[in-house]
Structure formats: C-alpha cells, structure tokens
J.: 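Handing you this structure, nothing more for now.
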Amino acid sequence: MNGIGRLPVGAPLPRIALALGDPAGIGPEIALKAALDPRVRAACRPLLVGDRRALDFHARACGIEAPVQVVRSAREMPEGEGVVLLDLDGFGKESLAPGEVRAAHGRAAVEAASVAIRAAMEGAVEAVAACPQTEFAIKAAGIAFDGYPTFVARCTGTPEDDAFLMLCFDSKRIVHTTLHVGLRQAIDLVTKERVLRVLEATRAVLVKLGVAAPRIAVSGLNPHASEHGMFGNEEAEIIEPAMEEARARGIHCEGPFGADTMFHKPGYDAFVVMVHDQGHLAAKLLATNRTAGMTIGTPVLFSSVAHGSALEIAGHNKASPEAVVEALLRLSGAAMRARAEAVG
C-alpha cells in the first residue's frame, strides 16, 4: 500500500491512539476489529480511547472475546495479546443507547478524540486515529464541530485556516482546499493565499509520508477548469497565480485540471481539489467504506475514516474495519519516518 513503510527489524512499534468515535454507532466495533487485525498488530501498538461499557457492548454483539487491559494514562502501554483501553467513563450515569442520537454520545466522541490528541501532543503516542462521529449528536451536546481538521487545529493551537483534509485510499491522496461549509461560502474561501497554503501543506505531508519529490495535480473550481475563461475566471485570477507562486517556492504542481477528469491522470502523488464534493465523490465511488482521512497542517499525525457512524447497523456485527486498518497502517509508516528524521 503506497505511503506505508516497512518497520526496521527490532524497532519498537509506533504507539497510536484510536478514539472510539460515537459509542452508539459502529466506532467501537471497527476500533476493536482493527486493533485485533494481524496487519495492524504487526505495524503498531494501538491504544483504544473511550468508554469501557461501549467497548464491552460491541464486543458482545460481535462475539469477540479478546482480553481488555484498562489503563489510566496513555503512557501506560503494556505488552500482550489483548486490547489496551484508556477508559474515559464517557457517559457518567447515562446509559448507552445503540443506534440513537444523544448528546451523551456526542460528548463521549469529542472527549475521546480530545484526550487522544492531547496524548500525542504530550508525546505519549506518536499518532492518532479516530472512528466516525455523529455530528447531530455533537450538536445536541452544544459543542461546536465542523469536522476533524478544524477540531484538531483547535486542540493543537494551530490556525484553523492552516488545517486541511487529505483523503487516502490505495495510492490516491486527495486534499481539500475547503471542506464543511456551504458552497457559496466555499467559493469565497478559494483565495490565492488559501490555495498556496494547501499546496504547501500537501507538499510537506507527502515528504513526511516518504515521497521525496512530490508531484501535485490541482483542480479548477469551475466546470472543465473554466475552459479558458468560458465558464468563470477563478482559475486565471486565483488558482493559476497561486500555483505560479508555489512553483517559485519549489512545489511541483500542475493544472488547473477539470475535477471530473483529473483523477485519471497518472504520475501524481496527490490531487488538490477546491471544494468538498470534488474530492469526496471520487473517493467514495472508488473506495467505498475504506477511505481514511488525514488531517494535515497540524503538529499531530491524525487520521479518521471518511464514512459515517452507521447508526442503523450499530451492534449488528456488520461493519468493516478496513478504513480504520488503512488509517492505522498509514499512520504507522509516517510515524516510523518521523522517528528516522528525528534521529538522523
């Protein structure tokens, strides 16, 4: 799988925190399945972060009888064959209601992600992955949340405008200039400065992922990238000037290309798109339920899954952990490269 490195013989496995996401959705199920997957256990030491009651419910529902070692701190990472859980007691006196949208579930999801990110900032873990959240539940809890990139930015003291989402599957990487905002607002957010920032963040993370000389394809905003001004002028007035400045800074970028054909072009290490649907439509058509999202531009290696919490199948043992597995393997490779850079 592109972007995932092989561990040197004898090297300690990277420690990666895995937040359980919405406890009433499939998050705990796919976290548990991923943590027990042989591919994951060969690549990293996952630390599950969330509520023990939720994990126990999903384990019973799936018929999984793995031993769970509960720790009080992310720095406690015992060796062994079982699952390690940092138990947050996320519900207090409230009970878990699988498949339902409740404020308690939203609070639990946000707390798990926040604790996992804090562990990474403190150096207790080397990366963070998060299972899917339910935004309605988070809203019910009165918590401002518009996606993981800005959330990770706030948790790490990073300007929100410097955090971007990169969808990853197979050898494809798709970076979004704008994300969870209305389309009219997204168009206003596509400025020369923002396009330049996303290109710089994309180049930086590709190098961190082991791509020595990244090649980046850039989409237009308008149909057919405006067809030389026939369908708009944002390409000529905003995107192309940003790309020219990026090239002057040593970033190899080409385009702007029409977003409907760009992903067929070979030889690129990443594709930068302007708005949410330009990237998400391609990812979800090409890699249903196995796409991992990586937040870039912040000091924490952070990845999440690109699918939802699937409340309707929670507790039915029907959820695939493949997106979480992909996220953990990709983070493991990036963590090992970060170690090598720190040493050498």
Side-chain angles (χ1 to χ4, degrees), residues 15-32 34-35 46-59 68-77 83-125 127-158 160 163 180 293 295 298-305 308-311 314 324 327-328:
R15 297 154 296 157
I16 301 178
L18 176 55
L20 298 187
D22 186 340
I26 62 171
E29 174 183 337
I30 58 179
L32 186 58
L47 171 67
L48 274 56
V49 182
D51 190 280
R52 173 68 185 266
R53 288 169 292 173
L55 191 67
D56 286 347
F57 167 82
H58 287 274
V68 176
Q69 301 182 67
V70 175
V71 297
R72 296 180 180 180
S73 167
R75 294 190 181 279
E76 301 175 23
M77 290 285 289
V83 173
V84 183
L85 171 71
L86 177 56
D87 184 8
L88 300 182
D89 188 23
F91 307 129
K93 295 181 179 179
E94 298 188 52
S95 59
L96 175 65
E100 295 187 17
V101 175
R102 292 191 178 182
H105 304 156
R107 285 194 300 270
V110 170
E111 182 188 14
S114 178
V115 169
I117 293 168
R118 186 162 61 249
M121 292 292 287
E122 294 172 352
V125 297
V128 177
C131 291
Q133 79 289 350
T134 303
E135 295 194 11
F136 282 125
I138 297 174
K139 183 177 181 181
I143 300 171
F145 185 91
D146 61 356
Y148 276 126
T150 53
F151 178 76
V152 177
R154 290 192 293 271
C155 288
T156 59
T158 303
E160 292 184 17
H180 293 133
T295 293
T298 74
V300 169
L301 282 170
F302 183 96
S303 188
S304 58
V305 298
S309 55
L311 296 173
V324 180
L328 291 171

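Just so you know, these numbers come straight off a predicted model, no measurement behind them.
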J.: Would you name the heavy atoms of Tyr148 and Cys131 that are closest together and state the gap between them?
T.: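 Answer, listing the atom of Tyr148 first, then Cys131: OH-O, 3.5 Å.
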J.: For Ala124, is there any backbone N or O sitting under 3.5 Å from a side-chain donor or acceptor partner on Arg15?
T.: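 At least one qualifying donor-acceptor pair exists.
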J.: At their closest point, which heavy atom of Ala34 faces which heavy atom of Val324, and how far apart are they?
T.: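 Looks like CB-CG1, 3.6 Å.
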J.: Within the distance-only criterion (no hydrogens, no angle test), does the side chain of Ser309 pair as donor or acceptor with the backbone N or O of Ile26 below 3.5 angstrom?
T.: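 No, Ser309 side chain to Ile26 backbone: no donor-acceptor pair under 3.5 Å.
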J.: Enumerate donor-acceptor pairs with a distance under 3.5 Å from any side-chain N or O in residues 100-111 to protein atoms, sequence neighbours excluded.
T.:
| from | atom 1 | to | atom 2 | distance (Å) |
| --- | --- | --- | --- | --- |
| Glu100 | OE1 | Arg102 | NE | 3.1 |
| Glu100 | OE1 | Arg102 | NH2 | 3.1 |
| His105 | ND1 | Glu100 | O | 3.0 |
| His105 | NE2 | Ala97 | N | 3.4 |
| Arg107 | NH2 | Glu94 | OE2 | 3.1 |

J.: Hey, what do you get for CG (Asp22) to CD (Glu135), rounding to the nearest 0.5 Å?
T.: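 Between atom CG of Asp22 and atom CD of Glu135 there are 11.0 Å.
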J.: If I compare all heavy atoms of Val305 with all of Pro132, which pair ends up nearest, and what's the gap?
T.: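 Closest approach of Val305 to Pro132, heavy atoms only: CG2-CD, 3.4 Å.
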J.: Could you walk me through whether Val128 and Val49 satisfy the side chain to side chain contact (heavy atoms under 4.5 Å, CB included) test, starting with their C-alpha distance in whole Å, then the side-chain angles of each, then the deciding distance to 0.1 Å, before giving a yes or no?
T.: CA-CA 10 Å; Val128 177; Val49 182; over 6 Å; no
J.: Does Ser114 form a side chain to side chain contact (heavy atoms under 4.5 Å, CB included) with Phe151? I'd like the steps, not just the answer.
T.: CA-CA 9 Å; Ser114 178; Phe151 178 76; 4.1 Å; yes
J.: So do the side chains of Leu32 and His58 get within less than 4.5 Å of each other, counting heavy atoms only?
T.: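 The answer is no; the side chains never approach within 4.5 Å.
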J.: For a quick test of reading the model, state the closest non-hydrogen atom pair linking Val125 to Ala116 and the distance between them.
T.: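 Minimum heavy-atom separation between Val125 and Ala116: CG2-O, 4.2 Å.
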J.: Roughly how far apart are Met121 CE and Cys155 SG, rounded to 0.5 Å?
T.: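 SG of Cys155 is found 9.0 Å from CE of Met121.
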J.: Rounded to the nearest 0.5 Å, what separation is found between the CG atom of Leu301 and the CD1 atom of Ile16?
T.: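 Output value for this atom pair is 8.5 Å.
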J.: Can Arg53 and Asp87 be counted as an ion pair, charged N to O under 4.0 angstrom?
T.: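 No, this pair does not count.
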J.: Which atom pair, heavy atoms only, marks the closest approach of Ala327 to Ser303?
T.: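 Minimum heavy-atom separation between Ala327 and Ser303: CB-OG, 3.4 Å.
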J.: Is any side-chain heavy atom of Asp51 closer than 4.5 Å to a side-chain heavy atom of Asp89?
T.: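 Yes; the side chains approach each other to less than 4.5 Å.
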J.: Taking the side chain as everything from C-beta on, heavy atoms only, tell me whether Pro299 gets closer than 4.5 Å to Thr158.
T.: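 Yes - at least one pair of side-chain heavy atoms lies under 4.5 Å apart.
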J.: To the nearest 0.5 Å, how far apart are CD in Glu76 and CD in Gln69?
T.: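 Between Glu76 CD and Gln69 CD, I get 10.5 Å after rounding to 0.5 Å.
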J.: Return the CG to CG distance between Leu96 and Leu55, rounded to the nearest 0.5 Å.
T.: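 Result: 11.0 Å between the selected atoms.
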J.: Any idea which heavy atoms bring Ala35 and Leu48 closest together, and the distance?
T.: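 Nearest heavy atoms, Ala35 then Leu48: CB-CD1, 3.7 Å.
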